Amino acid sequence: DLQEVITVRVQDPRVQNEGSWNSYVDYKIFLHTNSKAFTAKTSCVRRRYREFVWLRKQLQRNAGLVPVPELPGKSTFFGSSDEFIEKRRQGLQHFLEKVLQSVVLLSDSQLHLFLQSQLTVPEIEACVQGRSPLTVSDAILRYAMSNCGWAQEERQSSSHLAKGDQPKSDSFLPPGLQPPASLCAVAGRPYVQSSGALGLCFSLEERTLGMEMRNNTPSLRQ
């Protein structure tokens with residue numbers, strides 16, 4: 001049997017609303033897996049620290065006696081230095097890695113919506129409680145379709161990217177759901193960006209990881 005792999009990365013911290021009183025830092029959460037526990041095998045969302053705090057409370061509430069990993073602490077000073085942001089990023093990644101190792105925590109649908117949709121906290125709660133027209137799986141699949149579906153276009157775009165050409169559009173999508181793609185640079189690395197829900201970026205390294213796992217040669221690089 002193929003080894004089950006769940007790869008998660010917390011990276012690319014960005015300051016939102018910079019210069020305003022309500023500025024904050026959010027982080028990209030990239031997940032790729034061959035686990036049957038997940039609706040989408042690849043996902044990419046952005047979340048801020050307060051959403052991680054909410055998630056941990058929900059997991060703790062539903063997990064009973066199962067211990068929930070700790071989050072990195074809050075800042076003890078106003079503002080956020082680069083060093084603090086990097087330490088928090090590492091702490092958030094460690095938190096998710098530990099959470100995803102627990103079968104009990106992995107069964108919580110709120111965790112899946114947190115990782116694989118861009119629903120807000122109230123929207124996640126409404127979905128889980130049946131107060132939304134979408135099921136959990138529907139919400140995840142809708143986000144996956146609107147966002148990019150980069151894995152399916154890997155074969156046709158990788159050769160163009162190697163030559164520095166613009167990647168082709170997502171031809172596997174039905175009419176009306178074909179976002180144009182463009183190149184962008186994040187932290188000095190080449191990225192392929194979809195103009196989907198949030199224009200979230202997947203690095204060439206992440207695209208390669210997806211190819212490796214689909215070829216039954218999973219590579220766990222966290």
Side-chain angles (χ1 to χ4, degrees), residues 5-18 23-33 35 38-56 69 71-72 75 80-100 110-121 123-124 139-140 142-151 153-154 157 161 167 170 179 181-213 219-222:
V5 177
I6 304 174
T7 299
V8 65
R9 296 192 186 95
V10 177
Q11 53 193 31
D12 187 26
R14 296 184 184 180
V15 179
Q16 307 294 343
N17 303 328
E18 189 169 9
S23 64
Y24 63 91
V25 177
D26 65 7
Y27 302 81
K28 181 176 77 170
I29 305 173
F30 169 80
L31 185 144
H32 195 87
T33 183
S35 171
F38 288 86
T39 302
K41 302 311 175 189
T42 303
S43 58
C44 185
V45 300
R46 298 197 69 87
R47 296 291 184 187
R48 58 187 297 185
Y49 181 78
R50 69 161 60 168
E51 292 174 305
F52 278 88
V53 173
W54 169 85
L55 174 65
R56 187 178 185 279
L71 284 168
S75 175
S80 297
S81 67
D82 291 342
E83 181 181 2
F84 172 79
I85 291 174
E86 173 57 19
K87 286 185 177 180
R88 172 171 281 185
R89 183 201 66 76
Q90 294 175 5
L92 294 176
Q93 173 154 330
H94 181 73
F95 166 77
L96 288 180
E97 288 172 346
K98 292 296 185 183
V99 165
L100 294 175
Q110 293 173 109
L111 172 65
H112 289 259
L113 289 169
F114 177 89
L115 292 172
Q116 298 205 301
S117 82
Q118 204 60 58
L119 295 182
T120 64
V121 165
E123 289 170 340
I124 291 176
I140 292 172
R142 175 174 289 193
Y143 179 71
M145 287 296 291
S146 68
N147 191 29
C148 179
W150 61 273
E153 61 152 357
E154 173 66 41
S157 62
L161 290 171
D170 305 280
S182 61
L183 290 179
C184 66
V186 178
R189 296 163 58 194
Y191 270 71
V192 175
Q193 181 182 38
S194 163
S195 60
L198 290 180
L200 296 170
C201 295
F202 293 100
S203 71
L204 298 182
E205 177 189 1
E206 290 159 356
R207 296 164 67 90
T208 302
L209 176 61
M211 283 293 291
E212 289 173 349
M213 295 189 69
S219 173
L220 185 60
R221 299 193 298 271
Q222 297 184 352

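Values in this document were obtained by computation on a predicted structure and should not be read as measured data. Values below: all heavy atoms of this structure, side chains included; hydrogens, waters and symmetry mates excluded. Throughout, residue positions are numbered sequentially from 1 according to the sequence presented.
No more than 12 heavy atoms of other residues, nucleotides or ligands shown are found within 6.0 angstrom of CZ on Arg50.
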Report the C-alpha separation of Leu115 and Leu96 in whole Å, then their side-chain angles, then the decisive distance to 0.1 Å, and conclude whether the side-chain contact (heavy atoms from CB on, under 4.5 Å) test is met.
-> CA-CA 10 Å; Leu115 292 172; Leu96 288 180; 4.0 Å; yes
Evaluate the criterion side-chain contact (heavy atoms from CB on, under 4.5 Å) for residue pair Thr39 and Tyr143; output intermediate values, then yes/no.
-> CA-CA 11 Å; Thr39 302; Tyr143 179 71; over 6 Å; no
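Distance check: Arg89 CZ to Gln93 CD gives 5.5 Å after rounding to the nearest 0.5 Å. In this structure, CD on Gln11 lies 12.5 Å from CD on Gln90, to the nearest 0.5 angstrom. Interatomic distance, His32 NE2 to Arg9 CZ, rounded to the nearest 0.5 Å: 10.0 Å. Leu71 CG to His94 NE2: the interatomic distance, rounded to the nearest 0.5 Å, is 10.5 Å.
Although no hydrogens or angles enter the test, the distance criterion places a donor-acceptor pair under 3.5 Å between the side chain of Tyr49 and the main chain of Pro72. Of the possible donor and acceptor atoms, one in the side chain of Lys41 sits under 3.5 Å from a partner among the backbone N and O of Ser35. Here the side chain of Thr33 pairs a donor or acceptor atom with the backbone of Val5 at under 3.5 angstrom.
Val10 has its side chain out of reach of Arg47: every pair of non-hydrogen atoms, C-beta onward, lies at least 4.5 Å apart. The shortest side-chain heavy-atom distance between Glu51 and Leu55 does not fall under the 4.5 Å cut-off. Using a 4.5 Å heavy-atom threshold, the side chains of Arg14 and Arg46 count as touching. Side-chain contact between Trp54 and Gln110 is present, with at least one heavy-atom pair separated by less than 4.5 Å.
Aromatic rings of Phe52 and Phe114 (six-membered ring for Trp) have centroids within the 6.0 Å cut-off, being under it.
Residues passing the salt bridge (Lys or Arg N to Asp or Glu O under 4.0 Å) test with Lys98, sequence neighbours excluded: none. Evaluation of the side chain to side chain contact (heavy atoms under 4.5 Å, CB included) rule for Glu18 yields Val15 as partners, not counting sequence neighbours. In this view, Glu123 satisfies the salt bridge (Lys or Arg N to Asp or Glu O under 4.0 Å) rule with no residue, not counting sequence neighbours.
When every heavy atom of Ala40 is checked against every heavy atom of Ile140, the shortest pair comes out as CB-CG2, 3.9 Å. In plain terms, the two heavy atoms of Gln116 and Leu31 that are nearest each other are NE2-CD2, 3.9 Å. Closest non-hydrogen pair, Ala139 versus Leu113, comes out as CB-CD2, 3.9 Å. What you find for Arg56 and Pro69 is that their closest heavy atoms are NE-O, 2.6 Å.
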